[in-house]
Peer 1: 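Pasting a structure here, questions to come.
Not measured: the values here are computed from a predicted model. Letters go in sequence order (proteins before strands), and every chain restarts at 1.
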Amino acid sequence: MPNPSLIRDLSRVVGRKLVLHEPEDLLVYEYDATIERGLPEAVVVPDSADQVAEVVRIARRHNAPVTARGAGTGLSGGAIPCDGGIVIVTSRMNRILEVDADNRIAIVEPGVINQDITDAVSGHGLYYAPDPSSQKVCTIGGNVAENAGGPHCLRYGTTTNHVLGLEIVTPDGDLVWLGGKTVDPPGYDLTGLVVGSEGTICIVTKVIVRLMDCPQSTVTLLAIFDEVDQASHAVSAIIGQGIIPAALEMMDRNTMRAVEEAVQAGYPPDAGAVLLIEVDGLEEETREQADSVRAVCEELGSRELRIGFSAEDRERLWAGRKGALGALGRLAPSYYILDGVVPRSKLPAVLRGVYEACDTFGFQVANVFHAGDGNLHPNIMFDERVPGATQRVLDLGEVIMRLCVEAGGTITGEHGVGYEKRNYMSWIFSEDDLDVMASIKLAFGATDLFNPGKVFPSSKGCGEVSSRMKAAIAKVGPDAYV
Amino acid sequence: MVKQASLLSQLQAIVGADGVRRDDELSNFAVDGLTPQAAVAPSSYEQVAEVLRYAHTEGLAVIPRGGGTHMHIGNVPGRYDIGLSLLRLDQVVEHEPADLTVTCQAGITLDRLQRHLGQHGQLVPLDPAWGEETTIGGILAANASGPSRHAYGAPRDFTIGLKVVTADGRITKAGGRVVKNVAGYDLCKLYIGSLGTLGVIVEAGFKLAPTPKVERTVIATFDTPGQACAFAADLQHRRLSLRAVQLLNATAASAVGLAQQGLCALVLDLAGTPQAVERSRREIGELAQDAAADLRDEENAAMAWQSRMRPGSAEEPYLLCKAATLPTHLPALIESLETVAGPPHILALPTVGVLYASWPRLEDAEAAIGRLRTAVTALDGSLVLERCPLDIKPRLDVFGDPPPSFDLMRRVKEQFDPKGVLSPGRQVGRL
């Protein structure tokens, strides 16, 4: 049962209204965008870094784990309180504290929505580059935790390349600044270490982000291919030409079919794959590069090429890609999105393997992904109401992850390890490697205080063993999990 | 304390006779005037690991090194028993041009790696000075970068994987060989710039860049650094095809013959597609005319950078500082550095917010350093004394006051190197 004195202590910090502990309130916070679930004992919605620090100190006293949560759009179970405890929701900490346009930096709170940063600085001709597909709702705090990527990370890098400094709450409940507004601060790069640490060593309360100058010109090309193989060869060929596009995305036939029904993007029904290629820079540069990209695609058998120069035309070309994940809902009641990376040159072979594995398991798959980075996102279509389907989908996911690792790749490019992939970590890291990572937890004094059950291999299931969880389940009743 | 004879025989058992350096070579391994009892050059990762296991057991201090071009950076070592050269680990491990990535051993020199990649129209976007001697491992350990940082970022931005031997001699890895990877903690960030205090980097992987189709260099001269910085900011905002933007103050510019007496020079390296470079050159010309700045094309860009990085290269400067501040604070910082001590040579990266200031000689250096620190702190910057006279260096922390997160850094060092085997005392706060 939730400890009444814990609720009382938390209420003292943020006020009673902002501590949720009734079963019907807690249920809303037991999931993110993945399949796993875990119920918190209490949810707090602090308004300031000081309040977060105070909550952490209380959590420590009550020996309750703390999981930070932004918008809950994460795709690896990062925001799920696997061992119950307290969920800190950052939605009220959503202020842009400072914009320094001349120095191209902004200081924001963790609950600020990714897109809102760009909206706040676009008047200065600046933008915030990392653009996860969920950028209209996902928060910077979550982006920092997972080191989020997005289509335009091909040229401009992921979140870690755009964060200069962080204010954090340590496990001791202290507020500490890492890094700052200027580059190369003396000492160890703890900022770089915390980005992507998935909320397991500290809680981020302020972020100094780097802003970029908007490109003068952007050109978007859409190349339609009969076969996936042709499209994936074109990916390597474009990069091989010495062109690093701003974005280089691929969608396969199943994705196009769903997209076509949803947004009528004008994809031919018999096409095998499309590439969406964006180049940006000076007008001269984008023209030259667009010409080269066009030549490469045609040479490799592209049957149709569309090109957009104006914002309107480009938006139309992107509409299919941006609506893709939403459109997949038309193909099946549920889909399981995977996130693996392979060397670009291995794309054709690994994609073939993905289709074969899905055939073997008897599931449809829709591939829509960051081809230029070799970052695959196979979406496996299934119906979770069919008994055993969820487990078989997870098994299939494991097979696909194995394919990526065997091709020299990795188990996650931008979604994080979280709960979902923690047991795959030992495929790519030795015990010694993991031991060194674990020593970071010890250095921060975090052990199991922050987001337990994530990143590191463990046989313990999410919400499975803990007596804390059993109490929580007893309270909401077993029906809650049906 | 292990006797030198026994130390040498133990090391010889690990790395073989040809891996142990002779006594008369030990002075080449000196760091801040300290000479080790022994020096080794292992020829495999396993040998590096075994040397560290031995040192760890015996509590001996090891300082790793590559070409030795950045050994002046860091505090005076607390102890130093074994010099560990990575120069025999100098191979390209894997380069698949279509992947635009490379994995190489730590001891390969930057120039050799670039020559290899250049055959395939690619480059690793690193250009610190002394490329013919400086090694990949050393560059990463020192977080060294050059002017092309303007376009490509710092080593942390394109290093995708590392192999590191831990203080107790385990071969571990961080990251991987693909360009996007968020599996586990990003330990690459931690090792880059750790100055060999957390582990010995033995292998590194990078994202590469295509070699630009066209490159050219133009030089604009201005009366004041403020004018030059404003000009640079304007070019940056226009996103012209610039690979590097460097500002030399009047003293530095005249020393290398880039500007007339009293003028500072802005060196602009253009790179990209032919038409984009052409257009950038044209636009820079127009803007220079508006700003009444003199502009001229420079023929030999690469050589110019070498000489710029070591003004008066015949002898080392007495004091060399690296300062970082907000780009808008750079003109003020340059101005105060020019007045608090004798006239410095300053080379700044105005779009990055970094400058290197050197003094060939300096009266009452300790007091002058105090004034430099005050000047930098007043502008919210950081100051690292990269080269510092040895008579005063032991009394100083070359990094200045420890940062607010120092306690966490100390705890990281304790976890990674509890016995203080690796480059003890060289990091901030003598970690």
Peer 1: Under 4.5 Å heavy-atom distance to chain A, tell me which part of Q427(B) shows up: side chain, backbone, both or neither.
Peer 2: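 The side chain, not the backbone.
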Peer 1: Look at K173(B) together with D432(A) and state whether they make a salt bridge at an N to O cut-off of under 4.0 Å.
Peer 2: no
Peer 1: Identify which part of D407(B) has an atom lying under 4.5 Å from any heavy atom of chain A, answering side chain, backbone, both or neither.
Peer 2: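 Contact with chain A involves no heavy atom of D407(B) at all.
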Peer 1: Heavy-atom distance under 4.5 Å to chain B: side chain of I105(A), backbone, both or neither?
Peer 2: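 Only the side chain of I105(A) comes within 4.5 Å of chain B.
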Peer 1: Which atoms of Y191(B) come close to chain A, meaning under 4.5 Å heavy atom to heavy atom: side chain ones, backbone ones, both, or neither?
Peer 2: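 For Y191(B), side-chain heavy atoms alone lie under 4.5 Å from chain A.
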Peer 1: Could you point out which residue of R238(B), H237(B), Q236(B) forms a side-chain hydrogen bond (donor to acceptor under 3.5 Å, both in side chains) with D213(A)?
Peer 2: H237(B)
Peer 1: Compute whether any side-chain donor of one residue and acceptor of the other, for N103(A) and T328(B), lie under 3.5 angstrom apart.
Peer 2: yes
Peer 1: Just by modelled atom types, is the V342(A) backbone N or O under 3.5 Å from a matching donor or acceptor in the R177(B) side chain?
Peer 2: no
Peer 1: Tell me, side chain or backbone of V412(B) under 4.5 Å from chain A's heavy atoms, or both, or neither?
Peer 2: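 Both the backbone and the side chain of V412(B) come within 4.5 Å of chain A.
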Peer 1: Can you say whether E198(A) sits under 4.5 Å from chain B via the side chain, the backbone, both, or neither, judging by heavy atoms?
Peer 2: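 The side chain, not the backbone.
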Peer 1: Tell me yes or no: between the side chains of S405(B) and Y188(A), is some donor less than 3.5 Å from an acceptor?
Peer 2: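 Distance-only check fails for S405(B) and Y188(A).
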Peer 1: Identify which part of L330(B) has an atom lying under 4.5 Å from any heavy atom of chain A, answering side chain, backbone, both or neither.
Peer 2: neither
Peer 1: Could you walk me through whether R210(A) and D157(B) pass salt bridge (charged side-chain N to carboxylate O under 4.0 Å, His left out), step by step?
Peer 2: CA-CA 13 Å; R210(A) 199 192 285 279; D157(B) 294 313; 5.3 Å; no
Peer 1: What part of F406(B) is in contact with chain A, defined as an atom under 4.5 angstrom from a non-hydrogen atom: side chain, backbone, both or neither?
Peer 2: neither
Peer 1: Check each atom of V428(B) against the heavy atoms of chain A and say whether the ones under 4.5 Å are side chain, backbone, both or neither.
Peer 2: side chain
Peer 1: Is the shortest distance from a Lys or Arg side-chain nitrogen in R156(B) or D189(A) to a carboxylate oxygen in the other one below 4.0 Å?
Peer 2: yes
Peer 1: Is P212(B) close to chain A through its backbone or its side chain, or both, or neither, when contacts mean heavy atoms under 4.5 Å?
Peer 2: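 Neither part, no heavy atoms under 4.5 Å.
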Peer 1: Using a 4.5 angstrom heavy-atom cutoff, name the option from I192(B), L240(B), I171(B) with the most pairs to chain A.
Peer 2: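 The candidate making the most pairs under 4.5 Å is L240(B).
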Peer 1: Any chance you could lay out the side-chain contact (heavy atoms from CB on, under 4.5 Å) test for Q415(B) and V436(A), step after step, and finish with the verdict?
Peer 2: CA-CA 9 Å; Q415(B) 284 294 328; V436(A) 174; over 6 Å; no
Peer 1: Is there a side-chain contact between I440(A) and F416(B), using heavy atoms and a 4.5 Å cut-off?
Peer 2: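 Side-chain contact under 4.5 Å: yes.
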Peer 1: Let me know which of T158(A), L154(A), D373(A) forms a side chain to side chain contact (heavy atoms under 4.5 Å, CB included) with V179(B).
Peer 2: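 Result: among T158(A), L154(A), D373(A), D373(A) is the only option passing the side chain to side chain contact (heavy atoms under 4.5 Å, CB included) with V179(B).
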Peer 1: Taking it one step at a time, do L193(A) and D186(B) satisfy side-chain contact (heavy atoms from CB on, under 4.5 Å)?
Peer 2: CA-CA 5 Å; L193(A) 180 66; D186(B) 190 354; 5.7 Å; no
Peer 1: With a 4.5 angstrom heavy-atom cut-off, which part of R426(B) approaches chain A: side chain, backbone, both or neither?
Peer 2: neither
Peer 1: Would you please say whether a donor-acceptor pair under 3.5 Å links the side chains of T410(A) and N181(B)?
Peer 2: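 The criterion, which ignores hydrogens and geometry beyond distance, is satisfied for N181(B) and T410(A).
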Peer 1: If we ignore hydrogens and angles and just use 3.5 Å, is the side chain of R239(B) paired with the main-chain N or O of G281(A) as donor and acceptor?
Peer 2: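 Judged by distance alone, no pair lies under 3.5 Å.
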Peer 1: Using non-hydrogen atoms and a 4.5 Å limit, figure out which bit of P97(B) sits close to chain A: side chain, backbone, both or neither.
Peer 2: neither
Peer 1: Between E288(A) and Q275(B) (side chain of the first, backbone of the second, donor and acceptor by atom type, cut-off under 3.5 Å), is there such a pair?
Peer 2: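 Pair found, side chain donor or acceptor close to backbone of Q275(B).
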Peer 1: Using a 3.5 Å cut-off and no angle test, enumerate the donor-acceptor pairs between side-chain atoms of residues 160-167 of chain B and protein atoms at least two apart in sequence or in another chain.
Peer 2:
from    : atom 1 : to      : atom 2 : distance (Å)
T166(B) : OG1    : D168(B) : OD1    : 2.6
T166(B) : OG1    : G169(B) : N      : 3.4
T166(B) : OG1    : R170(B) : N      : 2.9
T166(B) : OG1    : R170(B) : O      : 3.4

Peer 1: Check each atom of A183(B) against the heavy atoms of chain A and say whether the ones under 4.5 Å are side chain, backbone, both or neither.
Peer 2: both
